[in-house]
Every structure is written in C-alpha cells, then in structure tokens.
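Data first, discussion second: the structure below is written as structure tokens.
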Amino acid sequence: MFKLLSKESNIFSIPVYIGFLLLIVIIFNILNFNTYEAIIAGITFLGIALGYFCFHSIALTYQTHLPLFLYTFFVFGLYPGHMDIGVAVSLLTNSFLLLLLTSTNEDIRKKSYVLVGAIVALNFIFLPTTWPMAVFVIIHVVATSERISLNIFRFLLGLVLIAFSYFSVMFFMNFTTWNIEYFPFGKMRLMKSYNDLIPLIPIVLMLIYAIYDHFRNYNKKSPINRYKYTFLLVFSVAQLMTIILYMNKSYEYLLLLAFPSTIIISRMLRFLPKYWMQEVSLWLIIFSLIGFKAGSYFQLF
C-alpha cells in the first residue's frame with residue numbers, strides 16, 4: 001500500500017480526496033442535521049479542504065498521494081461530528097494563514113500582514129484559546145522580515161481594525177459585559193486523564209522520532225527545507241499550546257494538528273530505510289486512528 005501511495009499525485013487527486021472529505025462530513029452530521037450544525041460543518045469542510053492546497057504551498061511532501069491520504073485519514077479519525085464553531089473557524093483561518101505565510105511570492109507575504117492580523121483577530125474572537133497563534137505570527141515576522149518594525153505594525157493594524165469593528169458592533173447591540181475567557185489563561189482546562197488518547201500513542205512516538213531524525217540529519221537538508229520545517233514546527237507548537245492548556249475532553253481540538261502532523265509523518269515514512277518499516281508504520285497509523293475513533297465513539301477507554 002505504501003508503494004501505491006508513493007506515486008506522484010496529479011491534478012485530479014485533490015478533488016477526489018475533497019470528495020471523500022465531503023462524504024465524511026455528511027455521514028457524521030446526517031443524524032443531527034439542523035441549520036446551525038450545517039453551518040459549522042460547512043466551515044469545517046472549507047477549512048480542512050483548503051488544507052489540501054496548503055501541501056502544495058509548503059512543498060515538503062514531494063507531491064505524492066501519501067500526505068493526501070494520511071490527511072484524509074487523520075480527519076476521519078479525529079473528526080467527532082459535533083464541532084464547536086470556534087474550532088471550525090480556527091481550522092478555516094489556519095488554512096488561510098498557511099497559504100499566506102508560506103507563499104513563494106515574497107511581495108505577497110510582505111503585503112499580507114494586515115490581512116494576517118485581521119485573520120488572527122477574527123480567530124481569537126471565535127476561539128479565544130487560540131491566542132498562541134498571535135505569538136507564532138510575531139515570531140515568524142521577527143525571524144523572516146527585513147523590516148521587522150513595519151511588518152509588526154501592519155500585523156497589529158489588522159488586529160486593531162477587527163477589534164475596533166467587533167467592539168463597535170457589540171456596543172451597538174448593547175453587549176457591554178466582558179467574558180473572562182477572552183483573557184489569556186482566563187479559563188484553562190488542563191486534562192486530568194489521558195486514557196482516551198491511548199490509541200494515539202504510536203502516532204505520538206512517530207512524531208517524536210520524525211523530529212529527532214530531522215535534527216539528526218539537519219546538515220543534510222537544503223536551506224529552504226530547513227526554513228519550511230522550522231516554520232511548521234513553530235506552527236505546531238502554537239497549536240499544541242492551545243491543545244494542552246484548553247482541550248480537556250474537547251477532542252476536536254486535535255484537528256488543529258492534523259495538517260502539520262501529516263507533513264511530519266509523511267516525510268518520516270519516506271526516509272525510513274526499509275520498505276517493511278514504511279508499510280508497518282503506515283498500517284499502524286491507520287489502526288491507531290481507527291482505534292481512537294472507535295474508542296471515542298463507543299467510549300471504550
């Protein structure tokens with residue numbers, strides 16, 4: 001199966017996988033269909049579907065079927081059906097941020113920081129627990145920009161414009177109270193039990209090994225691959241902070257790591273020395289996600 005997925009993808013591949021994604025979203029929402037859930041499912045679908053195009057933007061997966069398949073299977077295993085609208089919006093905004101910040105056009109990246117700030121502010125309004133994303137963008141600006149002060153100003157301008165618009169609308173609608181959840185660390189929900197995540201242990205171990213192997217062979221990588229992989233790791237850390245501090249039993253938060261995890265694991269599988277290791281690892285990932293899905297659905301753990 002690994003050899004089949006290692007073949008180069010073509011122009012028709014992404015629409016096919018998006019079709020499978022649409023089928024997954026429909027199946028998991030058909031039993032509790034209503035207008036509100038349909039809107040959330042639509043936002044979730046758009047956010048995850050845009051992720052397929054981010055693979056081409058970040059260009060670390062060698063244009064094969066493997067990352068597309070793994071990404072689809074990660075969504076299948078981690079998608080609970082009933083989603084919080086904040087997580088759904090976060091998936092959509094994260095895809096836009098990845099498309100903007102990983103663009104190969106330097107001019108587009110420089111001129112997009114106002115829009116990036118607006119997207120981060122909008123993300124925060126719907127899901128305040130995603131505040132680490134603002135820290136990630138600032139680190140990205142400092143690490144990659146020649147005119148740091150100007151680009152940070154552009155980013156903050158985007159934040160302020162959305163914040164001012166939001167407060168104006170809320171004041172007009174007579175909402176004048178402040179929710180403590182909009183303060184960082186205002187309402188942390190640290191996990192007390194990790195039993196439900198036991199089936200995902202093989203995937204976590206693979207991620208740790210993949211990152212270790214990357215730094216072990218760091219000097220063999222091209223400068224552009226080092227930069228993109230570092231970008232992906234910092235992005236993952238921002239998502240991981242949100243998950244650790246606020247997820248608790250809301251396992252849909254794990255979808256925030258589906259895209260970066262797919263790229264990291266896909267590269268690890270590609271560079272494993274033996275074919276049997278690649279094949280066994282691939283099936284272990286599949287069964288781990290099926291086990292997590294079954295465990296969360298039937299409450300086995």
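Positions are given from 1 along the sequence.
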Under 4.5 Å between side-chain heavy atoms, hopping through other hydrophobics if needed: is there a path connecting Met277 to Ile285?
yes

Is there a side-chain contact between His214 and Tyr229 (heavy atoms, below 4.5 Å)?
yes

What heavy-atom pair brings Glu252 and Pro80 nearest, and what distance separates the two atoms?
CB-CG, 3.7 Å

Derivation and outcome, side-chain contact (heavy atoms from CB on, under 4.5 Å), residues Tyr209 and Arg216
CA-CA 10 Å; Tyr209 172 78; Arg216 186 183 62 176; 4.1 Å; yes

Output for pair (Ile286 CD1, Phe76 CZ), nearest 0.5 Å, gives 11.0 Å

Please name the pair of heavy atoms, one in Ser261 and one in Leu257, separated by the smallest distance, quoted to 0.1 Å.
OG-O, 2.7 Å

On a heavy-atom basis, the closest approach of Ser9 and His65 is CA-NE2, 3.6 Å

In Å, rounded to the nearest 0.5 Å, how long is the span from CD1 of Ile40 to CE of Met83?
8.0 Å

Are side-chain heavy atoms of Gln239 and Phe259 found at a separation under 4.5 Å?
no

Do Leu200 and Phe287 share a hydrophobic cluster, counting only Ile, Leu, Val, Met, Phe, Trp and Tyr and linking them when any side-chain heavy atoms are less than 4.5 Å apart?
yes

Kindly check if the number of other-residue, nucleotide or ligand heavy atoms within 6.0 Å of CZ (Phe271) is above 12?
yes

Less than 4.5 Å apart, side chain to side chain, heavy atoms only: is that true for Met133 and Asn94?
yes

Spell out, as yes or no, whether a donor-acceptor pair under 3.5 Å connects the side chain of Arg267 to the backbone of Ala210.
no

Could you go step by step and tell me if Leu197 and Leu254 meet the side-chain contact (heavy atoms from CB on, under 4.5 Å) rule?
CA-CA 10 Å; Leu197 303 181; Leu254 293 174; 4.0 Å; yes

Rounding to 0.5 Å, atoms CG (Leu282) and OG (Ser266) come to a distance of 9.5 Å

Begin with the C-alpha distance, continue with both residues' side-chain angles, and end with the deciding distance and a verdict on ring pair (Phe, Tyr, Trp, His ring centres under 6.0 Å) for Phe55 and Tyr71.
CA-CA 10 Å; Phe55 287 116; Tyr71 184 58; 5.4 Å; yes

Using 0.5 Å steps for rounding, measure from the CD1 atom of Ile85 to the CD1 atom of Ile43.
4.5 Å

Shortest non-hydrogen contact between Ala49 and Leu21, atoms and distance:
N-CD2, 3.6 Å

Check whether any side-chain heavy atom of Phe235 sits under 4.5 Å from a side-chain heavy atom of His140, and report yes or no.
no

Student check: side-chain heavy atoms of Leu66 and Thr61 closer than 4.5 Å
no

In this structure, are over 12 heavy atoms from other groups packed under 6.0 Å from Lys7 atom NZ?
no

Sole candidate of Val141, Val116, Thr144 that passes side-chain contact (heavy atoms from CB on, under 4.5 Å) when paired with Leu101
Val116

The reported gap from CD1 in Ile211 to CZ in Phe215 (rounded to nearest 0.5 angstrom) is 7.5 Å

Would you please say whether a donor-acceptor pair under 3.5 Å links the side chains of Tyr52 and Thr72?
yes

Joint hydrophobic cluster, Val137 plus Tyr227, side-chain heavy atoms closer than 4.5 Å:
no

Do any N or O atoms from the side chain of Arg226 and from the backbone of Asn219 form a donor-acceptor pair under 3.5 angstrom?
yes

Under the side-chain contact (heavy atoms from CB on, under 4.5 Å) rule, what do Leu233 and Ile264 come out as? Steps first, then yes or no, please.
CA-CA 9 Å; Leu233 289 180; Ile264 293 171; 4.0 Å; yes

Under 3.5 Å: donor-acceptor pair, side chain of Gln63, backbone of His56:
no

Heavy atoms of other groups near Phe96 CZ, more than 12 under 6.0 Å:
no

Verify the ring-centre separation between Phe231 and Phe136: is it less than 6.0 angstrom?
yes

Heavy-atom pair of closest approach, residues Cys54 and Ser95:
SG-O, 3.6 Å

Would you say the side-chain atoms of Lys293 pair up with the backbone N or O of Tyr79, donor to acceptor, closer than 3.5 Å?
yes

Quick one: does Ile208's side chain get under 4.5 Å of Tyr212's, heavy atoms only?
no

Please examine the side chains of Trp276 and Gln278, heavy atoms only from C-beta on, and report whether any two atoms are closer than 4.5 Å.
no

Main-chain N/O of Ile119 paired to Asn123 side chain as donor or acceptor, under 3.5 Å
no

Val75 and side-chain contact (heavy atoms from CB on, under 4.5 Å): which single residue from Thr44, Ile48, Leu289 fits?
Ile48

Could you tell me the separation between the CZ atom of Phe292 and the CZ atom of Phe74, rounded to the nearest 0.5 Å?
11.5 Å

Can you get from Val280 to Leu5 by hopping between Ile, Leu, Val, Met, Phe, Trp and Tyr side chains that sit under 4.5 Å apart?
yes

Flag for Tyr253-Thr129: side-chain donor and acceptor within less than 3.5 Å:
yes

Closer than 3.5 angstrom, by distance alone: can the side chain of Thr93 be matched with the main-chain N or O of Ser90 as a donor-acceptor pair?
yes

Answer with yes or no whether the hydrophobic clustering places Val142 together with Phe155; edges join I, L, V, M, F, W, Y residues whose side-chain heavy atoms lie under 4.5 Å apart.
yes

Is the shortest heavy-atom distance from the side chain of Ile125 to the side chain of Val89 under 4.5 Å?
no

Should we count CZ of Phe172 as having more than 12 external heavy atoms under 6.0 Å?
no

Could you go step by step and tell me if Val135 and Met241 meet the side-chain contact (heavy atoms from CB on, under 4.5 Å) rule?
CA-CA 11 Å; Val135 179; Met241 286 180 63; over 6 Å; no

Which atom names give the shortest non-hydrogen contact between Ser112 and Leu100, and what distance separates them?
CB-CD2, 4.1 Å

